[in-house]
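In what follows, a single structure is set out as structure tokens and then discussed.
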Amino acid sequence: MATGREQTVFSHVFAVDAATDLGRLVVLAALLLIIAMSLETVRGHRRETEYWVLLLLTGAGSLALIGANDLLMLFAAYLLASIPAYALAAFAKDGLGTEAALKYYLMGALLGTTMLAGTALLYAVGHATLYRALHTTLPHAAYGLVGVGLIGVLAGLLFKAGVVPAHFWVPDVTDGAPTPVAAYVTTVPKVGGLIGGYRLLHEALPGSDVNWPLLLAVTAAVTMTLGNLAAFYQSSVKRLLAYSTISQVGYLLMALAVATRTDLAQKGLLLYVAAYAVTNLGAFAVVTELPHARTLDDYRGLARRHPGLAAVLVVCLLGLVGTPPTGVFLGKLEIFSAAIDGGFTWLAALAVANTVASLFYYLRWLAPLFTTTAPAPAETQTVLGHWAAGAAYTTSMLSLFLGIAGGTILALATGPLLR
């Protein structure tokens, strides 16, 4: 990044450009934070080594998704990001974790097969898998076959991101997996899947007659709305964060809908994924630090017992709403502006309405923090250790930093994509 060497490597199947560089920074920083959250959870575990190997392998898959410049590279990256994550979801080997991993695997296998079929169909009509070749051949290919093939490929990527209707695994895996793993699956795969999808649409399909912008705009609208509605009356903090993740992905998907319509889309997407990653991980770090606090009521009086953790929750939950001066506020501002500039004003208006509505369920979590009328159960006062708390404080500061110094990130996010 410092030398500014933008290039395509490995016979052009992997691109190193502004999107790859910033995406890699986000993934690697997120992995470091998740490692810190995991230390007390897996230290001394008889499968501790396997945990770290699986975590780094699935992280490598997300890194590969970010720079994939070829359909086969994209599918290989999908597999590398998915298969180790299935094992991580069941790492605790309990009932909830096993059920979550099975649902995760079955949906991943189904939509992975769909993605491979879509890849084969695009290869058949485009006579290539490299994006630079598809950019030339797909505009002249059969309209219907290109549309079906694209939907197949996007099915796998949208599964990784947790987009409706491929979202059913998200609340179950988030609730059933160990909390650091839940933090991982609601953060890092989203970065890989969304940036990978943006590159595919921007580089391979700008001249196609398929109306994929409208398809993605409608999908984004349904995803953000369903995620918010489902989160309204959740009592489990992990399931609340799971549905929050689905709604956030709906906002992020707006950038993909206008990928070829405005130059603001790339900057908005990259800034938003960075801000969302650290803010979401901050909330999960607090949940990791308080392993016995499973419901909203268990957080009653937290501001009195652990004011630092309560402050982190305030920053991160209000940050997820999009409250200034957090990074998510700036990211939403950029993406909403991109949607308007790209001709989807109705989508931006719906996103603003959903943002206001999301304040309800975040406040349902925040209000008990400052309640003093009844003490929380004694076991919820137990904290796990110092590493998860350190990750929590770090992420809250990063969220504020991205909001205050967002101009620097926007500068890093500016630059052409390579094909």
Side-chain angles (χ1 to χ4, degrees), residues 18 22-23 25-26 29-30 32-33 183 186-187 190-191 194 224 227-228 231 240-241 244-245 247-252 254-255 264-287 302-303 306-341 348-349 351-367 369-370 389-414:
L22 192 54
L25 280 180
V26 174
L32 283 174
L33 292 166
T186 57
T187 304
K190 314 316 185 199
V191 179
L194 289 166
M224 68 177 74
N228 277 327
L240 187 150
L241 285 173
S244 164
T245 291
S247 69
Q248 296 290 334
V249 170
Y251 304 133
L252 286 159
M254 295 166 63
L264 299 176
Q266 178 179 318
K267 296 190 295 182
L269 175 65
L270 295 176
L271 175 61
Y272 199 157
V273 294
Y276 164 72
V278 297
T279 308
N280 186 63
L281 287 175
F284 270 103
V286 175
V287 176
L302 184 68
H306 303 293
L309 295 179
V312 170
L313 268 183
V314 170
V315 170
C316 292
L317 295 183
L318 291 182
L320 289 172
V321 176
T323 307
T326 60
V328 173
F329 165 74
L330 192 55
K332 283 189 175 183
L333 187 62
E334 288 291 325
I335 279 192
F336 294 175
S337 300
I340 295 171
D341 194 48
V352 171
N354 270 283
T355 297
V356 175
S358 70
L359 187 62
F360 170 74
Y361 60 84
Y362 290 122
L363 288 179
R364 286 187 64 235
W365 190 351
L366 289 175
L369 303 184
F370 306 97
Y393 298 138
T394 301
T395 50
S396 62
M397 290 187 290
L398 285 173
S399 180
L400 293 171
F401 172 78
L402 289 176
I404 296 169
T408 304
I409 306 300
L410 289 173
L412 293 174
T414 303

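What you find for T186 and A183 is that their closest heavy atoms are OG1-O, 3.3 Å. Considering every non-hydrogen atom in both G282 and C316, the closest pair reads CA-SG, 3.7 Å. Looking at every heavy atom in both residues, A283 comes nearest to L313 through CA-CD2, 4.4 Å. Nearest heavy-atom pair across A348 and M254 is CA-CE, 4.0 Å. Across all their heavy atoms, V312 and A392 have their closest contact at CG1-O, 3.6 Å. Considering all non-hydrogen atoms of both residues, G403 and L330 come closest at O-CD2, 4.2 Å.
Neither side chain, Y361 nor S244, offers a donor N or O lying under 3.5 Å from an acceptor on the other.
Residues T355 and K332 meet the side-chain proximity criterion, which asks for heavy atoms closer than 4.5 Å. Proximity of V191 to Y276: side-chain heavy atoms (C-beta onward) are nowhere separated by under 4.5 Å. Using a 4.5 Å heavy-atom threshold, the side chains of Q266 and L270 count as touching. Side-chain contact between K190 and Q248 is absent, with no heavy-atom pair separated by less than 4.5 Å. Looking at T326 and L402, their side chains never come closer than 4.5 Å, going by heavy atoms from C-beta outward.
Distance check: L33 CG to L281 CG gives 6.0 Å after rounding to the nearest 0.5 Å. Considering OG of S399 and CG of L320, their distance stands at 7.5 Å, rounded to 0.5 Å. Between the CD atom in E334 and the CG atom in D341 there is a gap of 11.0 Å [rounded to 0.5 Å]. Of the inter-residue distances, the one linking I409 atom CD1 with L25 atom CG reads 8.0 Å to the nearest 0.5 angstrom. Atom CG of residue L369 and atom CG of residue L317 lie 8.0 Å apart, to the nearest 0.5 angstrom.
Contacts of V287 classified as side-chain contact (heavy atoms from CB on, under 4.5 Å), with partners at least two apart in sequence or in another chain: T179, V237, K238, L241, Y299, W365. Judged as a side chain to side chain donor-acceptor pair (under 3.5 Å), and not counting sequence neighbours, Y393 has no contacts.
Judged by distance alone, the side chain of S396 and the main-chain N or O of V315 form no donor-acceptor pair under 3.5 Å.
Each of L359, V314, L302 was checked for a side chain to side chain contact (heavy atoms under 4.5 Å, CB included) with L366, and the lone residue meeting it is V314. Tested against N280, the residues V328, T395, T245 include a single side chain to side chain contact (heavy atoms under 4.5 Å, CB included) partner, T245.
Using cut-offs of 30° and 60° for the angle between ring planes, the Y251 and F336 rings count as perpendicular.
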